[in-house]
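Each chain gets a letter, A, B and so on, in the order the sequences are listed, and its residues count up from 1. Predicted model only: the values in this text are computed from it and were never measured.
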2 protein chains.
Amino acid sequence: MLALRSTTLPRTFGVTRQHESTACAAVLRSRGQEIAPRRTNAGRFTSRTQTRFLTRGIESSKGDRERVVVLGSGWAGYTLARDLDPKKYQVVVVSPRSYFVFTPLLASTSTGTLEFRTALEPVRSRRTKVEFFQGWADSVDFATKTLKVEEAVENPWQAMALTADGREDQNATQLEQEKGVKAKKGKVFEMNYDKLVVAVGCYSQTFGTPGVKEHAYFLKDVGDARKIRNRMLSCFETASLPTTSEEMKKQLLNFAVVGGGPTGIEFSAELHDLISEDMAKLYPELMKYYKITVYDVADRVLSMFDDKLAKYAIERFTREGIDVKTSHHVKSLRRGSPKKLEEDGGGQVVKDESSCYTLDLQEEGEVGVGMVVWSTGLMMNPFISKSLSRPYDIPVDSTVVETPSDEKSWNISRHPRSGGIMTNDRLRVIMQPSTQAKEGDKVSGRAIIKDVYAIGDCAIMENSAYPATAQVANQKARWLAKQLNRDTIDDNPFTYKDLGVMAYVGNWNAIMQSSGGDVSGRVAWLIWRGAYLAKSVSWRNRILIPTYWFVNWLFGRDISRF
Amino acid sequence: MLALRSTTLPRTFGVTRQHESTACAAVLRSRGQEIAPRRTNAGRFTSRTQTRFLTRGIESSKGDRERVVVLGSGWAGYTLARDLDPKKYQVVVVSPRSYFVFTPLLASTSTGTLEFRTALEPVRSRRTKVEFFQGWADSVDFATKTLKVEEAVENPWQAMALTADGREDQNATQLEQEKGVKAKKGKVFEMNYDKLVVAVGCYSQTFGTPGVKEHAYFLKDVGDARKIRNRMLSCFETASLPTTSEEMKKQLLNFAVVGGGPTGIEFSAELHDLISEDMAKLYPELMKYYKITVYDVADRVLSMFDDKLAKYAIERFTREGIDVKTSHHVKSLRRGSPKKLEEDGGGQVVKDESSCYTLDLQEEGEVGVGMVVWSTGLMMNPFISKSLSRPYDIPVDSTVVETPSDEKSWNISRHPRSGGIMTNDRLRVIMQPSTQAKEGDKVSGRAIIKDVYAIGDCAIMENSAYPATAQVANQKARWLAKQLNRDTIDDNPFTYKDLGVMAYVGNWNAIMQSSGGDVSGRVAWLIWRGAYLAKSVSWRNRILIPTYWFVNWLFGRDISRF
């Protein structure tokens with residue numbers, strides 16, 4: 001642990017307004033598009049007076065409280081915002097989505113075991129005093145403690161996993177092609193903060209695999225879950241048409257899951273449950289065609305579990321007919337049937353190419369599939385990797401320099417592999433002289449930005465190896481809220497307490513690994529359901545979730561598609 | 001009542017295959033687009049053997065039952081399909097949507113009082129033996145008792161009100177612009193029927209008012225309800241942004257409802273409930289801006305109710321601040337702000353034009369609105385007005401000629417005003433010689449197509465004045481199913497029993513008019529809720545609906561948007 005040295009730099013290191021706006025115009029925006037010149041410096045935000053005018057709603061209700069601006073409404077941001085004391089802080093959440101997603105239940109909603117909204121909690125609530133602006137953080141000026149926000153109420157990406165893989169500039173064009181929506185720029189407004197918490201999370205990682213970004217189904221947000229549910233049901237409905245050939249039925253009902261982590265495994269299990277419990281009764285003639293396969297590049301799945309539990313899961317899967325293929329590599333994904341079929345087929349065999357997809361595997365070649373669910377890997381949010389990665393002059397009042405350096409240009413310190421923001425053990429953001437930041441680990445200058453914290457998947461605490469999980473995000477948020485509420489942040493560092501891992505493996509069985517020992521089977525399943533119910537945020541969902549479990553067990557899942 | 005004369009025409013009147021396919025190629029499709037030449041005659045359905053091959057799934061399970069093909073899954077089609085005896089009939093539903101919508105609850109779902117799926121019942125069900133194909137009926141050959149179906153599983157119009165107003169040919173282009181979806185043709189397959197029931201319903205009528213089709217929000221299907229819910233919530237979220245001017249807040253929160261029938265009134269009431277009960281707590285600072293106005297061209301609203309009850313409803317609305325403007329005419333609807341504001345405004349005043357709409361009224365001029373909900377009028381389904389309106393040679397075996405005529409070309413008899421299919425009092429479809437059909441009422445030739453029935457909004461029983469309501473559709477379907485199950489259709493004609501009308505008018509009050517007398521207020525509301533709960537089709541929804549009523553009363557409606 002490093003001791004803090006509260007050396008404040010002399011005034012000459014202060015950032016200049018001019019430098020700030022030039023730098024800001026040069027960096028890329030959080031969604032990975034260049035800021036159009038018309039919007040950044042000129043016109044709209046000419047005077048600071050006007051900016052204050054724009055946010056006068058929250059100015060007037062602030063009173064003598066400090067303003068904590070929280071960027072993001074995921075496990076880290078939402079938890080922190082709820083836990084902060086509204087008497088002491090005015091909490092303002094800025095997020096492109098208006099709700100928090102209880103991610104462990106997403107797989108259940110994507111198969112209809114639960115209704116979508118049971119996994120959601122709106123950020124605005126009668127019971128909290130949290131202020132909310134739906135927007136993307138654009139850039140932050142640490143010196144003046146202001147940030148620019150681009151509004152995103154009618155953002156067409158809403159509720160969908162965000163992906164980017166080096167072809168980010170294609171986003172806008174693609175969206176136009178896919179959704180026919182003109183990717184408009186939202187208006188930008190400025191806001192002051194007293195404390196800033198960066199909890200913007202990560203994007204989905206596609207490793208640049210061609211076609212994945214365009215054609216795979218993700219499972220990160222509720223819109224993704226809805227897309228999967230509709231797609232899966234429409235694969236069955238299309239397969240039941242008299243115009244669909246035998247070959248095409250097999251392809252449509254061949255479901256591939258890429259990624260053998262808990263999300264991929266739980267989704268496969270839920271999908272299998274849905275098919276064997278409900279679709280079997282509704283489409284009995286199609287049961288001979290369906291297939292679920294889990295692919296992973298690693299040589300094992302569920303790597304966070306003991307060998308014994310992972311083996312138990314795989315055995316269950318094998319018994320249910322779900323294939324698990326490790327050490328498999330996806331080369332590409334595209335619309336249409338595999339080539340050999342296209343060549344064989346005449347009018348009847350190959351359907352219109354939009355009806356199915358072709359997954360190209362290094363080990364197996366082309367496979368025709370109805371849907372590929374991609375649940376592997378995270379990549380850094382461009383807000384971190386682009387917008388916050390520009391050099392800053394170390395500002396006077398807002399920085400505590402622990403190890404001085406002659407360098408005038410400083411960068412936020414980022415994790416060499418993941419690119420996450422490095423924080424100290426109080427979750428405060430660390431800065432390094434720019435030259436060092438580029439070279440990596442050789443630390444000779446080091447500063448802490450006062451009142452700027454980073455938590456969740458976009459942040460990494462130095463000298464720790466905590467995984468990028470909801471549990472870590474949640475614990476960091478709760479710890480930070482508690483310290484800020486009590487002004488005790490300098491007393492003790494954050495430590496993570498591993499509460500164990502669980503995964504549903506299908507047919508009313510789960511696996512659980514914790515300090516209390518390993519559990520598998522029906523008992524683990526009961527604990528799994530109980531834990532999710534207990535962890536549900538609102539009483540509303542604590543009532544609705546068991547109601548849906550009961551109703552769907554009794555009558556079957558709903559298969560209406562809209 | 002007309003007595004049936006079972007005169008069967010001689011064989012020479014039989015339709016020829018060649019005539020049939022030429023006529024079919026010439027008529028327009030049910031969605032109002034011309035059949036592409038590539039698909040109609042050539043290629044796909046060259047032999048009857050192949051056709052039988054295509055539907056062999058239902059052929060093999062048919063056994064010795066008669067096949068009843070039901071076109072449509074609304075109040076008429078869905079009810080009939082459920083009520084027919086599966087031991088006696090193989091029931092095959094053909095519909096572009098995979099579910100039935102319990103329409104009286106749509107307004108509740110559009111405001112979040114209920115969840116969308118509580119108003120739905122999937123056509124495929126564990127508990128019924130109904131076969132289902134998701135598709136549009138394309139054309140019917142009464143002589144050979146076959147119909148052509150265009151598959152519609154991935155139909156992008158799914159779950160949305162269908163509109164057409166003389167500019168139908170623009171549909172495909174528009175969809176491409178609005179949703180970025182290529183309006184593909186589905187594949188076509190052929191099916192035989194023993195009995196055919198046409199229950200395809202109506203489209204939404206826009207009376208050719210410019211911009212309504214493109215920019216209004218309808219309330220006919222569950223996708224419409226979802227669109228309204230998202231739009232209304234996003235109007236509030238946008239209005240709460242610091243970048244939104246005072247003038248724009250007023251426009252965004254100005255909600256217009258066109259049509260003072262039960263749907264328009266109930267939606268206005270539910271919207272007002274949502275705003276006053278929930279949004280008031282979440283966006284207190286916006287309450288001064290919102291406004292709801294109901295417009296109707298007629299000089300009164302709720303015309304199916306007594307004056308006294310209608311007055312009660314209007315008084316309640318006035319007290320709640322909802323304006324009811326009768327004798328008002330909509331000239332057009334467009335994106336953007338009213339002209340006077342656009343001219344005034346500089347950078348800040350007028351937002352990007354997609355943010356609001358301008359409603360142009362003959363009586364008031366341009367009004368800026370956040371959303372226009374259009375719930376007035378029905379228009380004939382193009383399947384009726386186009387595909388079925390072609391001349392047929394009276395076929396031999398499938399027609400009962402009641403009043404003979406020398407004419408060889410016959411048409412389905414259609415209602416002169418609405419264009420609906422005329423049926424006799426056994427709900428069988430009537431044909432007239434083509435010359436007469438054009439001239440209207442002078443009946444000298446008349447035939448009945450054996451085994452073809454028409455029910456629901458697309459059908460009108462001769463010598464009756466039953467309204468185009470769910471109640472009539474439901475009663476016709478139940479009656480028809482009963483007669484077909486018992487083979488008693490020739491015994492007695494269908495008669496409609498008016499069970500009364502109800503409407504929710506907001507703040508836990510309703511109005512009810514029936515033979516038992518008029519009721520209004522809280523008691524009527526209790527009956528209203530009780531009746532809808534009792535009429536709900538499935539036990540699943542009988543559990544979920546009161547759960548949502550309770551949960552939303554206790555915790556407020558969910559405002560998550562996705």
Counting only non-hydrogen atoms closer than 4.5 Å, does A:Ile58 touch chain B with its backbone (N, CA, C, O), its side chain (CB onward), both, or neither? neither

In terms of heavy-atom proximity below 4.5 Å to chain B, should A:Gln134 be classed as side chain, backbone, both, or neither? both

Which bit of A:Ile543 comes within less than 4.5 Å of chain B, counting heavy atoms only: side chain, backbone, both or neither? side chain

Within the 3.5 Å criterion, strictly below it, is a donor on A:Ser240 or B:Arg124 matched to an acceptor on the partner's side chain? yes

Could you state the interatomic distance from CZ (A:Phe562) to CZ (B:Phe116), rounded to the nearest 0.5 Å? 6.5 Å

Using a 4.5 Å cut-off on heavy atoms from C-beta on, say whether the side chain of A:Asp558 contacts that of B:Arg540. yes

Out of B:Asn230, B:Leu554, B:Ile559, B:Val123, return the one with the most heavy atom pairs under 4.5 angstrom to chain A. B:Ile559

Are B:Arg231 and A:Glu154 packed together at the side-chain level, in the sense that at least one heavy-atom pair is separated by less than 4.5 angstrom? yes

If you round to the nearest 0.5 Å, how far is CZ of B:Arg117 from CD of A:Glu115? 5.0 Å

Check whether more than 12 heavy atoms from other residues, nucleotides or ligands sit under 6.0 Å from atom NZ of B:Lys62, and answer yes or no. yes

Contact leader toward chain A among B:Asp221, B:Val222, B:Val149, where contacts are heavy-atom pairs under 4.5 Å: B:Val222

Where on A:Phe132 is there a heavy atom nearer than 4.5 Å to chain B: the side chain, the backbone, both, or neither? both

Using modelled atom types only, decide if a donor and an acceptor are shared between the side chain of B:Arg561 and the backbone of A:Ala159 within a distance under 3.5 Å. no

Top contributor to chain A interface from B:Glu121, B:Arg226, B:Arg127, B:Lys281 [non-hydrogen pairs under 4.5 Å]: B:Arg226

Which of B:Pro122, B:Ser125, B:Ser560, B:Gly135 touches chain A most, by non-hydrogen pairs under 4.5 Å: B:Ser560

Quick one: what part of B:Ser234 sits under 4.5 Å from any heavy atom of chain A, side chain, backbone, both or neither? both

